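Quick note: numbers below take in every heavy atom, side chains included, and nothing from hydrogens, waters or symmetry partners. The shown structure was predicted, so the numbers you read here are calculated from the model rather than taken from an experiment.
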Amino acid sequence: MTPAHRQPVLHRLVVRHVRDDEFVIRLRDHELHTDQPDSDRALSPVELFVASLATCVAHYTGTFLRRHGLSREGHVVKAEYAMAIDRPARVARIHLTVHVDTSLTAPQQAALQAVANHCTVHNTLRHPPEIQIRVEEELP
């Protein structure tokens, strides 16, 4: 079957209000809360966004290390981000640092960099998805 004939798999999640600015996300058998930083009961949506990119990079780079028989001990991805100071409200900059506690050859380091640059979340940011938002008065 050619890619033109394949249909993408549709995944669904539900976000429900809990209290104040807190929401719960339900996907499969998982539940995750989100909130705003002033109440600090959970990560904010923006923090989850940055964390999503960082954990995707961690997964891809960790998989690279495992496949090449390299230690994942001390494997850490650190993220720093800044919000835009103009409108619209958005994340203006994200800097990720991938730390590995193992010696890499120059080709391994270049390959690891390439892997980090092509995780699914990063690819999605480079090629933004079609987004549609519809407001309804009742849940279907």
Measure the shortest side-chain to side-chain distance between [X] and [Y] over non-hydrogen atoms and say whether it is less than 4.5 angstrom.
X      : Y      : value
Arg26  : Leu13  : no
Leu104 : Leu112 : yes
Val121 : Thr55  : no
His122 : Val57  : no
Leu27  : Val14  : no
Asn117 : Arg126 : yes
Gln36  : Pro45  : yes

Look at the side chain of [X] and the backbone N and O of [Y], then say whether any donor-acceptor pair between them is shorter than 3.5 Å.
X      : Y      : value
Thr124 : Thr120 : yes
Gln109 : Ala106 : no
Thr34  : Leu43  : yes

**OP:** Starting from the C-alpha separation in whole Å, work towards a yes-or-no answer on side chain to side chain contact (heavy atoms under 4.5 Å, CB included) for Asn123 and His118.
**Re:** CA-CA 6 Å; Asn123 286 340; His118 292 286; 3.5 Å; yes

Side chains of residues 69-82: which donor-acceptor pairs under 3.5 Å do they make with residues two or more places apart or in other chains?
| residue | atom | partner | partner atom | Å |
| --- | --- | --- | --- | --- |
| Ser71 | OG | Glu73 | N | 3.0 |
| His75 | NE2 | Thr61 | OG1 | 2.8 |

Subject >> Within one Ile-Leu-Val-Met-Phe-Trp-Tyr cluster: Leu96 and Val46, side-chain cutoff 4.5 Å >> reply: yes

Original post:
Is Val15 reachable from Leu48 through a run of hydrophobic residues whose side-chain heavy atoms are each under 4.5 Å from the next?
Top reply: yes

**OP:** Sorted by first residue and then second, give each salt bridge (Lys or Arg N to Asp or Glu O under 4.0 Å) pair with at least one member in residues 34-56; sequence neighbours left out.
**Re:** Asp20-Arg41, Glu22-Arg41, Asp35-Arg41

**OP:** Could you name each residue pair satisfying side-chain hydrogen bond (donor to acceptor under 3.5 Å, both in side chains) that touches residues 88-101, not counting sequence neighbours?
**Re:** Asp86-Arg90

**OP:** Would you sort out whether Leu125 and Phe49 count as a side chain to side chain contact (heavy atoms under 4.5 Å, CB included), showing the intermediate values?
**Re:** CA-CA 11 Å; Leu125 292 170; Phe49 168 73; 3.7 Å; yes

**OP:** Would you check, one step at a time, whether the test side chain to side chain contact (heavy atoms under 4.5 Å, CB included) holds for His33 with Val18?
**Re:** CA-CA 9 Å; His33 288 252; Val18 175; 4.0 Å; yes

**OP:** Hey, could you give me the CZ/CD distance between Phe64 and Gln108, rounded to the nearest 0.5 Å?
**Re:** 6.0 Å

